[in-house]
Amino acid sequence: MSLKHYLQFSDFSADEYAYLFARAALIKHKFKAYEKHHPLVDRTLAMIFEKASTRTRVSFEAGMYQLGGSVVNLTTGDSQLGRAEPIEDSAKVISRMVDLVMIRTFGQDKIVAFAANSRVPVINGLTNEFHPCQILADIFTFIEHRGSITGKTVAWVGDGNNMANTWLQAAEILGFKVHVSTPSGYEIDQSVAGLRSSDSYKVFKDPMDACRGADLVTTDVWTSMGYEAENEARRKAFADWCVDEEMMKVARPDALFMHCLPAHRGEEVQAEVIDGPQSVVWDEAENRMHVQKALMEYLLLGRVS
């Protein structure tokens, strides 16, 4: 099997996603039934964190152990990545010692440079531009609750950030629509997502209009990591982009609510929504682990029958 990386959602085809979602369902079923599933015995995952994390670390680390493998955890404080060594050199060294690398960092260019010099598959655990593992989990969660996402409508309310970019890529590949509503000055940049056309998404000035008829309403914090200096300006700009009960009422009656977490109740989402009956955020958080297990297995072993 040729070397594959997972640096953004567009790296895989619709057929590969169909396989991954089916595989994640099987792996999750085994996990719930306490059935051992150890396809990655003697394999090692290196996790490199330049951005701190709770869910990414726990889901990858627990997931790799559950697959029978082991984990090396590196931060910029205890590796050369935060010092003077070129990222290309770090990639050449680390990838000679492990079987798989997950990186959570700032610029996408860093992860691209690392992958270009790596002997082993590299996974994007989050960059400023993309968050493919999160959207993988979100779509798997939608499928669990509502079936296929093809032909459905996802409302994105809030910042035109890495999550929004990744939703746009997913819509183009998997055949659904994204309704995007962001405050002025925080729009998505279609060129970052690298879309072939704008057919799979529509922009709305009013978040209520974006949510109208949606099958899924989703959002993220107003200030992503690395943008803390803009906190006050963002708080003012985003005031009307809080997902509330009124927005959920204009969505479809069976619409789901998602949030990648951590959430700030009363800012980007009302407590009544995130803690309400339409919210599936806890399933979504858990599913990071199951889809990432399927992803790691696929990158190392290819399709398993």
Side-chain angles (χ1 to χ4, degrees), residues 4-29 31 40 45 47 53-64 66-67 100-105 108 111 115 121-127 129-150 152 154 156 161-176 178 193-194 200 215-216 218-220 256 258-261 280-304:
K4 275 184 91 78
H5 302 296
Y6 192 56
L7 308 185
Q8 50 185 295
F9 203 90
S10 57
D11 285 345
F12 288 177
S13 66
D15 181 58
E16 286 175 296
Y17 283 115
Y19 168 79
L20 279 177
F21 293 135
R23 196 73 192 152
L26 175 74
I27 288 169
K28 183 174 180 177
H29 173 77
F31 173 79
L40 301 186
L45 164 71
M47 302 193 301
S53 166
T54 301
R55 276 151 293 276
T56 298
R57 174 158 183 194
V58 175
S59 59
F60 270 106
E61 192 161 339
M64 191 59 174
Q66 288 164 22
L67 294 173
L100 192 58
V101 178
M102 185 283 298
I103 304 178
R104 185 178 169 98
T105 187
Q108 184 76 9
I111 206 168
V122 176
I123 297 170
N124 181 349
L126 174 142
T127 59
E129 291 86 350
F130 301 110
H131 199 356
C133 291
Q134 183 64 54
I135 302 303
L136 196 62
D138 292 3
I139 294 170
F140 178 67
T141 306
F142 186 90
I143 292 166
E144 275 189 326
H145 286 268
R146 296 288 183 264
S148 173
I149 199 167
T150 303
K152 297 293 198 286
V154 175
W156 176 262
N161 63 7
N162 51 4
M163 287 284 292
N165 292 333
T166 310
W167 271 116
L168 295 193
Q169 289 192 344
E172 190 166 76
I173 294 161
L174 300 178
F176 60 90
V178 183
S200 54
D215 300 277
L216 167 61
T218 182
T219 189
D220 193 3
L256 300 174
M258 290 190 195
H259 189 307
C260 57
L261 305 175
V280 291
V281 298
W282 314 118
D283 289 345
E284 180 191 2
E286 179 191 332
N287 281 338
R288 278 287 298 278
M289 184 174 75
H290 304 303
V291 296
Q292 287 164 189
K293 283 160 80 173
L295 174 65
M296 291 189 288
E297 182 190 73
Y298 177 62
L299 288 172
L300 288 175
L301 305 180
R303 295 192 186 217
V304 181

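Start at 1 with the first residue, then count along the sequence. Only this structure's heavy atoms are used, side chains among them; waters, hydrogens and symmetry mates stay out.
Residues Ser200 and Glu172 have side chains that never bring a donor and an acceptor to within less than 3.5 angstrom of each other. Side-chain contact annotation: Asn165 with Gln169, donor-acceptor N/O pair under 3.5 Å absent. Of the N and O atoms on the side chains of Thr141 and Glu284, not one donor lies less than 3.5 Å from an acceptor on the other residue.
Counting only heavy atoms from C-beta outward, the side chains of Arg104 and Leu126 approach each other to under 4.5 Å. With contacts defined as side-chain heavy-atom distances shorter than 4.5 Å, the pair Leu40/Leu301 qualifies. Taking the side chain as every heavy atom from C-beta outward, Ile123 and Ile103 never approach each other to under 4.5 Å. Side-chain contact between Asn161 and Asp220 is present, with heavy atoms from C-beta onward closer than 4.5 Å. Considering only heavy atoms from C-beta on, Tyr6 stays 4.5 Å or farther from Leu20 through its side chain. Annotation: side chain of Phe60 is in contact with side chain of Cys133 (closest heavy-atom distance under 4.5 Å). Side-chain contact check for Ile149 versus Val154: some heavy-atom pair is nearer than 4.5 Å. Looking only at side-chain heavy atoms (C-beta outward), Asp283 and His145 come within less than 4.5 Å of each other.
Screening Asp215, Leu216, Leu256 against Arg146 for a side-chain contact (heavy atoms from CB on, under 4.5 Å) leaves a single residue, Leu256.
Taking CZ of Phe21 as the reference point, atom CZ of Phe142 lies at 11.5 Å (rounded to 0.5 Å). The structure places OG of Ser59 at 8.0 Å from CE of Met289, a figure rounded to the nearest 0.5 Å. Taken to the nearest 0.5 Å, the CG atom of Leu168 stands 11.5 Å off from the OG atom of Ser10. For the atom pair CD (Glu16) and CZ (Arg23), the distance works out to 15.0 Å, reported to the nearest 0.5 Å. The CZ atom of Arg57 lies 5.0 Å from the CE atom of Met47; values are rounded to the nearest 0.5 Å. The line from CD of Gln292 to OG1 of Thr56 is 6.5 Å long, rounded to the nearest 0.5 Å.
Scanning both residues, Val122 and Ala115, for their nearest heavy atoms gives CG2-CA, 3.9 Å. In terms of heavy-atom proximity, Asp11 sits nearest to Lys4 at O-NZ, 4.3 Å. Residues Val178 and Trp167 approach most closely at CG2-O, 3.8 Å, considering heavy atoms. Taking both residues in full, the closest heavy atoms of Ala170 and Ile135 are given as CB-CG2, 3.9 Å, listed atom of the first, atom of the second, then distance. The two residues Leu67 and Met296 come nearest to each other via the heavy atoms CD1-CE, 4.1 Å. Heavy atoms only, all atoms of each residue included: Arg288 and Val291 are closest at O-CG2, 3.5 Å.
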task = Start with the C-alpha gap between Asn162 and Glu129, add the side-chain angles, then the distance that decides, and say whether side chain to side chain contact (heavy atoms under 4.5 Å, CB included) holds.
result = CA-CA 4 Å; Asn162 51 4; Glu129 291 86 350; 5.5 Å; no
task = Decide side chain to side chain contact (heavy atoms under 4.5 Å, CB included) for Asn124 and Gln8; before the verdict, give the C-alpha distance in whole Å, the side-chain angles of both, and the deciding distance to 0.1 Å.
result = CA-CA 7 Å; Asn124 181 349; Gln8 50 185 295; 5.5 Å; no
Steps toward side chain to side chain contact (heavy atoms under 4.5 Å, CB included) verdict (Tyr17, Ile173) = CA-CA 9 Å; Tyr17 283 115; Ile173 294 161; 4.2 Å; yes
Step-by-step salt bridge (Lys or Arg N to Asp or Glu O under 4.0 Å) determination, Glu297 to Arg303 = CA-CA 8 Å; Glu297 182 190 73; Arg303 295 192 186 217; over 6 Å; no
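In terms of modelled atom types and a separation under 3.5 Å, the side chain of His5 and the main chain of Leu7 share no donor-acceptor contact. Between the side chain of Thr218 and the backbone N or O of Met258, at least one donor-acceptor pair lies under 3.5 Å.
The pair Glu144-Lys28 counts as a salt bridge, with a side-chain nitrogen and a carboxylate oxygen less than 4.0 angstrom apart.
Taking the six-membered ring where the residue is Trp, Phe12 and Tyr298 present perpendicular rings, their angle passing 60° and hence far from 30°.
His290 and Phe31 have their aromatic ring centers within a separation under 6.0 angstrom. Checked against the 6.0 Å centroid criterion, the rings of Phe9 and Phe130 do not qualify as a close aromatic pair.
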